[in-house]
Amino acid sequence: MKIGILKETAPGETRVALTPDVTKKYRKLGLEVLLESGAGSTAGMSDAEFTEAGAQLVSRDVAAGADIVLKVVPPNENEVAKLKKGALLVCLLEPYRN
């Protein structure tokens, strides 16, 4: 199973949905972790830290190949359109705002 981590695109959002430490735990469980290049940079985590933890760097369309997609804020329309059919989206959906 593949977990995809998208770079946050919302203005002012500096968090990332996964850390290198949790990446290691997912890898130990046998899961693949696909990370959009630069996803952790605003949170102070480099691509190198994620790849050392076992993540695969992907330059684009992470959502298209992932069975589970992790984000902090809800995806925009462009990101939703790229989700794989049947994929599970895990994020803060903010139902009272959206």
Side-chain angles (χ1 to χ4, degrees):
M1 184 164 293
K2 296 179 183 180
I3 297 178
I5 311 305
L6 301 180
K7 186 173 184 175
E8 298 297 326
T9 56
E13 183 55 70
T14 60
R15 298 173 290 178
V16 64
L18 191 69
T19 64
D21 288 341
V22 177
T23 298
K24 288 178 189 176
K25 292 177 182 180
Y26 284 160
R27 292 294 296 139
K28 285 182 182 177
L29 293 172
L31 302 169
E32 290 182 59
V33 177
L34 308 175
L35 179 81
E36 184 174 4
S37 183
S41 62
T42 58
M45 296 172 222
S46 69
D47 287 346
E49 290 176 274
F50 281 99
T51 56
E52 288 171 13
Q56 298 172 9
L57 277 185
V58 180
S59 59
R60 59 187 171 116
D61 295 339
V62 171
D67 302 302
I68 302 170
V69 175
L70 304 182
K71 280 189 55 67
V72 176
V73 298
N76 60 38
E77 288 182 26
N78 186 37
E79 292 167 331
V80 169
K82 293 180 181 178
L83 288 174
K84 177 179 168 179
K85 185 175 180 163
L88 175 67
L89 172 65
V90 179
C91 68
L92 303 173
L93 289 174
E94 302 173 354
Y96 295 112
R97 186 183 303 180
N98 296 314

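Side-chain heavy atoms closer than 4.5 Å link hydrophobic residues (I, L, V, M, F, W, Y) into clusters, and following such links, possibly through other members, connects L88 to I3. Under a hydrophobic-cluster definition in which Ile, Leu, Val, Met, Phe, Trp and Tyr are linked whenever side-chain heavy atoms come within less than 4.5 Å, directly or via other members, V90 and V62 are assigned to different clusters.
Applying the salt bridge (charged side-chain N to carboxylate O under 4.0 Å, His left out) rule to pairs touching residues 34-52 yields nothing, sequence neighbours excluded.
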Name each donor-acceptor pair under 3.5 Å that joins a side chain in residues 25-35 to protein atoms two or more places apart or in another chain, with its distance.
from: R27; atom 1: NE; to: G54; atom 2: O; distance (Å): 3.3
from: R27; atom 1: NH1; to: L31; atom 2: O; distance (Å): 2.8
from: E32; atom 1: OE1; to: Q56; atom 2: NE2; distance (Å): 3.3

Could you go through residues 65-84 and list every donor-acceptor pair under 3.5 Å that involves a side-chain atom there, pairing it with any protein atom two or more places apart or in another chain?
from: D67; atom 1: OD1; to: K84; atom 2: NZ; distance (Å): 2.6
from: D67; atom 1: OD2; to: K2; atom 2: N; distance (Å): 2.8
from: K71; atom 1: NZ; to: E8; atom 2: OE1; distance (Å): 3.1
from: N76; atom 1: OD1; to: N78; atom 2: N; distance (Å): 3.1
from: N76; atom 1: OD1; to: E79; atom 2: N; distance (Å): 2.8
from: N76; atom 1: ND2; to: T9; atom 2: OG1; distance (Å): 3.4
from: E79; atom 1: OE1; to: N76; atom 2: N; distance (Å): 2.9
from: K82; atom 1: NZ; to: D61; atom 2: OD1; distance (Å): 3.3

Between side-chain atoms of residues 14-22 and protein atoms elsewhere (two or more places apart, or another chain), which donor-acceptor pairs fall under 3.5 Å?
from: R15; atom 1: NE; to: E13; atom 2: OE2; distance (Å): 2.7
from: R15; atom 1: NH2; to: E13; atom 2: OE1; distance (Å): 3.0
from: T19; atom 1: OG1; to: V22; atom 2: N; distance (Å): 3.3

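To the nearest 0.5 Å, atoms CZ (F50) and OG (S37) are separated by 11.0 Å.
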